[in-house]
Amino acid sequence: MLPCRPGCPFYQEGCHKTCAQWQLFQEKQQAQRQAKKQYLQFYNDLCAQVVRQCRAIEYRRIAW
C-alpha cells in the first residue's frame, strides 16, 4: 500500500507515477537512506579501526 493513499484527496490507481507529492516523498526517503548509509559507514570504519588497533597491541605468544 502506498503511504499517500489514505491521506491524498486526489488519489487514483497508478497516479503515484506522476504525482509531485509522491516524487517529493521519494526524494526525501532517498536523502534519508543516504544519510543513514553515511552514518553507518562512518561508524563501521571507526569501529574497524579500533579493532585493528586492539589486535595490534595484544600479546602474541610465540609458538616453539
Problem - With sequence neighbours excluded, residues passing side-chain contact (heavy atoms from CB on, under 4.5 Å) with R55 - result: V51
Handout entry: Partner residues of D45 under the side-chain hydrogen bond (donor to acceptor under 3.5 Å, both in side chains) criterion, sequence neighbours left out
Key =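 With sequence neighbours excluded, D45 shows a side-chain hydrogen bond (donor to acceptor under 3.5 Å, both in side chains) to Q41, given in chain and number order.
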Handout entry: Value rounded to 0.5 Å, distance of CG in L24 from CD in Q29
Key =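 Here the interatomic distance stands at 10.5 Å.
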Problem - Q30 atom CD, neighbour heavy-atom count above 12 within 6.0 Å - result: no
Contacts under 3.5 angstrom, residues 32-40 side chains, donor-acceptor by atom type, not counting sequence neighbours:
none

